[in-house]
Amino acid sequence: MSTIQNFNSIVDPFADTGDTENEPTNYIHIRIQQRNGRKTLTTVQGVPQEFDLKRILKVLKKDFACNGNIVKDEELGDVIQLQGDQRVKVSEFLVSKLQLPKKNIKIHGF
Amino acid sequence: MSDLGFDPSLKKKKKSKKTEEASLSPETESAVGSGNELDDMLVGLKKKKKSKKPVEEFGESEKSKSPEADDLSASLGELSLKKKKKKAAKNKDATDFEQMLEKAGVEETIAAPKEFQSSEAVQASLGLPYDRLLNRFFTILKQNNPELAGDRSGPKFRIPPPVCQREGSKKTLFANVQDIASVLQRSPEHLIQFLFAELGTSGSIDGEKRLVLRGKFQPKQMESVLRRYIIEYVTCKTCKSMNTILKRESANRLHFLSCNACGSTRSVSSIKTGFQAQIGRRKRA
């Protein structure tokens, strides 16, 4: 009772808390689109420039046993397209192999 | 130590406090139930005294009762002498109690709500267990302000499960978009726009205000998308309440989420469709 626990640690109220939520610049979006039947398409948008997309695609295609290609979009830059639902696998790959922070990856779709 | 409360110089004042305490404590004791020793003391007192008068009465007719009060204090003194060892701590309590009463006593007899004052004093002096106080606090809070007590099971925020039917082989009918949007206090257009963006499809609203989506979707899939929508655009990040309003600030064209429960606002990113792959026939080839 004599000491109040919360006051023991002096915290700078203006310090950076680390969760900069409103930073829409470097998000990586992984989306899924339905095709005919039960076929789907996975798109990966916003992979940072410093990575060689061609090499990444080659590895992904081999790892996931699927086809894919790179689509050049005017606004959104290069986008990786993969056949089938590879969302979870792609995000795992991005985190483990490319050391990208997980909070920057957004998985969309159902 | 034991007769600290019976200082002759303070006699007059103390006595009045004593009797007050005596008449006060039985009320509070029932609610509190932790002053066993004090209770014992009171039992002893009761045997000797005929009856105790309420505090207000006492305040009015203080002079007439002073002899009685003398007796009381005397009897208390006797008791304390008899059970000296046991009552060392208790007497300390009592003196604390008196001090508290001394502070609060004057207003108490005049106007202040008695129960409130007395319970406060009892809490301060007896050191009630934390659990009990916490329970008490939450029961009171729940009675008066259920939303603050983390009670979010109100009927208002029960989201009906999405109802999906197949329309033909390639389309899905999402029947209760309107209901869900109204429960979430969002415009249906906003919700539908989000659904289109997340699912990467297009669609339309039919005559009965149901949503027709291109592609096949299970209710389970819709549910996960809805959950994401709620986290992103409905719940307040500060207090986790779903009682929020989405406003569009015309000055800077940003959407703001303002909470009705805690009053905080946060900006919300607009819905972006992002990259849409070309599916099916190409436009020009």
Side-chain angles (χ1 to χ4, degrees), chain A residues 1-2 4-5 17-47 53 57 66-88 90-91 103-110, chain B residues 123-124 127-128 130 133 162 164 166 168-172 174 194-203 213-229 231-233 237-238 252 254-257 265-282:
Chain A
M1 193 55 205
S2 59
I4 297 167
Q5 296 284 310
T17 51
D19 48 16
T20 48
E21 281 180 78
N22 298 333
E23 208 176 311
T25 48
N26 53 0
Y27 271 130
I28 298 166
H29 298 275
I30 301 173
R31 293 198 175 80
I32 191 163
Q33 274 182 279
Q34 279 194 340
R35 285 175 58 220
N36 39 358
R38 46 175 298 179
K39 294 194 168 87
T40 49
L41 204 64
T42 307
T43 61
V44 185
Q45 172 202 320
V47 180
L53 278 192
L57 180 68
C66 68
N67 205 354
N69 68 335
I70 295 167
V71 180
K72 287 184 172 60
D73 195 275
E74 290 98 24
E75 303 152 45
L76 307 165
D78 292 359
V79 177
I80 296 176
Q81 261 186 33
L82 295 164
Q83 284 178 6
D85 183 0
Q86 318 286 1
R87 288 175 295 163
V88 183
V90 169
S91 83
K103 58 173 179 167
N104 283 2
I105 298 171
K106 271 199 169 174
I107 298 179
H108 299 264
F110 35 79
Chain B
Q123 281 168 19
L128 289 179
Y130 177 71
L133 290 176
C164 289
R166 288 284 290 283
S169 62
K170 284 191 174 174
K171 284 178 184 170
T172 309
F174 188 4
F194 180 83
L195 289 178
F196 285 167
E198 275 299 281
L199 299 170
T201 56
S202 55
L213 287 164
R214 265 181 58 194
K216 297 167 197 167
F217 299 104
Q218 309 298 317
K220 214 174 93 187
Q221 297 171 330
M222 298 305 296
E223 208 173 286
S224 73
V225 177
L226 275 176
R227 194 162 290 139
R228 217 172 300 150
Y229 177 80
I231 291 166
E232 185 91 28
Y233 292 101
K237 284 265 164 75
T238 316
N252 45 16
L254 289 171
H255 287 276
F256 279 95
L257 197 72
T265 48
R266 71 177 168 107
S267 69
V268 165
S269 60
S270 59
I271 297 167
K272 285 196 212 86
T273 314
F275 176 76
Q276 288 294 94
Q278 178 69 48
I279 290 168
R281 255 180 275 113
R282 310 250 160 96

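Values in this document were obtained by computation on a predicted structure and should not be read as measured data. Quick note on labels: first sequence line is chain A, next is B, and so on, each numbered from 1.
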- Item | Enclosure of B/Arg228 CZ (heavy-atom neighbours >12, cutoff 6.0 Å) | yes

- Toward chain B, the part of A/Gln45 with a non-hydrogen atom under 4.5 Å: side chain

- Task: Please flag which part of A/Leu41 lies under 4.5 Å from any non-hydrogen atom of chain B: side chain, backbone, both or neither.
- Result: side chain

- Item | Partner set under ring pair (Phe, Tyr, Trp, His ring centres under 6.0 Å) for B/Tyr229, not counting sequence neighbours | B/His190, B/Phe194, B/Tyr233

- For the side chain of B/Thr201 and the backbone of B/Leu213, is there at least one donor-acceptor N/O pair under 3.5 Å apart? no

- Side chain, backbone, both or neither: which part of A/Lys106 has a non-hydrogen atom closer than 4.5 Å to chain B? side chain

- Item | Side chain / backbone / both / neither for B/Glu223 at chain A, heavy atoms under 4.5 Å | neither

- Dump the intermediate steps for side-chain contact (heavy atoms from CB on, under 4.5 Å) on B/Leu195 and B/Val225, then the final yes or no. CA-CA 7 Å; B/Leu195 289 178; B/Val225 177; 3.7 Å; yes

